[in-house]
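Residue numbering restarts at 1 for every chain, and letters A, B, ... go by the order of the sequence lines.
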Amino acid sequence: MSLPRDIVRRRVTVVDYGMGNLRSVAKYVSRAGGEVRISADRADLEWAERIILPGVGAFPDAMAELERRELINPLRDMVEGEKKPLLGICLGMELLAQFSPEVRDTRGMGWVDAEMKPFDRASMRVPHVGWNQITNRNPCPLLEGVEDGSFFYFVHSFHMVSHRPELVTATSRYGHDFTAVIQQGNVYGTQFHPEKSQSAGFLLLRNFIEKDL
Amino acid sequence: MTRQTQPIPFQPLGVIARRSREMAERAKHLEGEDGVRRCKKCLIPETEQTVTFDDEGVCNMCAVARERDEDIDWDARQQEFQDIVEQYRGKYRYDAIVPFSGGKDSAWVAYTLVKKYGLKILLATFDSHFRRPLHLENIERVVRALGCDHVTFKANDDVIKKTMLESLRRRGDFCWFCHTGVVATPFKVALMYKVPLIIWGEPGTEQSGGYYNYKTKTPPDERWFNRQINLSINAEDMQGFVDGVEMRDLEPFQLPPWEDLMNMGVTSIHLGDYIKWNAPLQYEILNKELGWQMAEVENLHPRYHYEKVECFLQGTRDYLRYIKRGYSRTVQRANLDIRNGVMSRDEAEEMIHYDAQRPASLDVVLDYLGIDEDEFNAIAEDHQVYPHVHDPDKVRAAQRKLDDQPLWERLLSGDVPSDIDQ
Amino acid sequence: MSFVRLIPVLTLKDGRMIKTIQFDQYRDVGHPRTMGKVYDSQDVDELVFLDITATQENRAPDYESIQMFAEECAMPLTIGGGVKSRDIIRELLNIGADKVVINSEAVRRPEFITEAANSFGSQCIVVSIDAKRYSGSGYEVLIDGGYERTGLEVVEWAKEVERRGAGEIMITAIDREGTMEGYDLDLIRSVQDAVSIPVIANGGAGLLVDLLDLIKETDATAVACSSLFLFTDNKPIKVKSFLQTGRVPVRPI
């Protein structure tokens, strides 16, 4: 249970662009202490103190949907302008990158100095599906209390590669080490699904909500 | 698929009892005389809920005890507790809600909070329905001595009886109503009186070391309720199991919505995660300063008669556990002594026969539930945990009844004594 | 690192969770929302949730009850019952499924397996096979909740299912399920030997040692149980503790 805190709950908006298991994420965030809205409206992004970008599906479809729902500019304003903490989950993390080759080369939001690369289908089963363990690489408030070797649930065919190792908060291993958690400034990303990862996922979401970031 | 439109009522299949006996020979080849692996340090068998063994054959409960002694900074924990308390002192109608059975543990919490921390607390009790006279005396003495306000909720006998039978059949444990009522009540009281701080007692880490440990603490929240407390049954589930019962009847056993508690800013903690528990010492202090007293408890070695004095059915409850798992409360308490270096494993082994007793209270329970002993045994044996097989030859009938047994026989008999001349 | 996955199977009928015996008689086991809370608290690796009368009643799965359950579960969910079209799959994925189960429709229209795998990824598609033993003819596949015989031999069908693109197979021994008499090791072994995709073994667990036997004697990597959790005091945490003691690699509690 949480330590004493003000009764006012942190305001969190889960971005609704039609992709991703929004209700699962929202419900888990609520259990972790947040007051949650699921929305694509600028007003709700402005209301929020924290923004979560979920995502399941293909990169170009996701960017197209964000465009179609006119979310790109509001998100840029919140993240780049007002520096609100934003957490990208799974495909949502991938969208933080500069670029992905999935289906066709597509630009991402570019908030993290990284790009997406595919797992090698010739040498391993793709996608990477299942529980896997992480290793902490750089300190990050989201992973406080999450020990090395903690299990999270992964489902993905692409992984994030950055030439700046200090951004890589934690890695996991599938054939080779790959980025599991990344942070650049007020932007965070988890390749795994914290809302599917039981107590470790809960702790991470609670850190995102409760800690001063 | 079935063309049936109605579910059938639950009855144990008898399969587990039979298969356990069939498997008994096989298990004997694996480990020890009865095929049940035990910890090398203490006496806990593998049949306990969350036991695991390390490569040396030492159990995770022993590991938890070592963690308690070597890895936890109890001074820092105490400071943490102080900090929590100061955040709530004087701000609400009560500083804290204290879930209060009146047993040694909750009496200790109340005593500590009032005498050591000077808090104004509200005691919240769920009447566990078979509370013994000496226990009620203990409550009177403690509550008066500490000067606390106190609320008690008693659920109705009809519903309790129905749920007792149902949870006995499904889980081999008739105490579902009490496990759930005891936890639901303080949360409701907290909401009712708008008091966000709830302070529970012993986290039970060493009895059930696999669910939580001292490092993680045992947060008494909705997850804990479902993980460890309610036998994996909620009131909404039970409503479909028993006839003639609506949700209103089961509401005493239902947690209030966790959202409501979160919106109140609930902080729910175990005192035992912040202040190291020491059962014998606590008893001594409670006895000397508040007059809290031991009582004879069935199936329990007398040195532990400060534990479990609350409930008349305790002996039968522990006997059930013996049939299911092959050990019960005396050995469980002895294990704590072994881990604290107060007793050797050999000395503890001498006490095993306390667990292997058919308590006199069983007759009262059977009468109350309206089943006979064969059915009771059949149900219990259908809940045996592999690889344990119950051996009735090892069980002795108790030589005596508890002092209050005649009282319960009178109360539960259904006879209506009248003062009015016929 | 590969762990043995422990997978509870829960079944829904008329808005309540129930448990059948050999797909016939059934008992009420609880409410979808509260059972979701219970299983969420138990460190299970993933969970299978089936609306078992959807096909028989010729309707889509009961999304409302499924959502009640799924909302409480912070774990991977495999959901099925009446899955006949990609729209249904899409809807299930939207309300919390990570994988979906296809059973009767896969037999009626095997190309549906391929369509689904192509649209959603094979890792998303589990084909469930219910098999019953008939004297003289081995194991036959049954559909519609065990009500209709198909004439298909189980191993042949399993191979076909893999060929068509399923990501996993769940194999249930109808004669064993709900009886707590132990797994049908012959059936499970025969299916596992025939395919290279993961096989979830289901039907018959009653004693803790049944899972150990299953794993040691068939190299099963995914073990499902139902009655064991519903009618005994053995929780998933207890089962994992037992397997750990038996030196089976499981994701730690």
When Glu71(C), Glu46(C), Glu72(C) are compared by non-hydrogen pairs under 4.5 Å with chain A, the top option: Glu71(C)
Closest non-hydrogen atom pair between Val44(C) and Leu6(C), with its separation: CB-O, 4.4 Å
Proximity breakdown for Lys27(A) and chain C, heavy-atom pairs closer than 4.5 Å: side chain
Using ring centroids (six-membered ring only for Trp), state whether Phe192(A) and Phe154(A) fall under 6.0 Å. yes
Does a donor on one side chain sit under 3.5 Å from an acceptor on the other, for Thr13(A) and Arg37(A)? no
Where on Ser24(A) is there a heavy atom nearer than 4.5 Å to chain C: the side chain, the backbone, both, or neither? side chain
Dump the intermediate steps for side-chain contact (heavy atoms from CB on, under 4.5 Å) on Asn202(C) and Ile171(C), then the final yes or no. CA-CA 6 Å; Asn202(C) 187 36; Ile171(C) 177 69; over 6 Å; no
Proximity breakdown for Glu195(A) and chain C, heavy-atom pairs closer than 4.5 Å: backbone
Residue pairs involving residues 243-253 of chain C (criterion salt bridge (charged side-chain N to carboxylate O under 4.0 Å, His left out); sequence neighbours excluded): Asp55(B)-Arg247(C), Asp45(C)-Arg251(C)
Which atoms of Cys73(C) come close to chain A, meaning under 4.5 Å heavy atom to heavy atom: side chain ones, backbone ones, both, or neither? backbone
Residue Arg125(A) versus chain C: region with a heavy atom under 4.5 Å: side chain
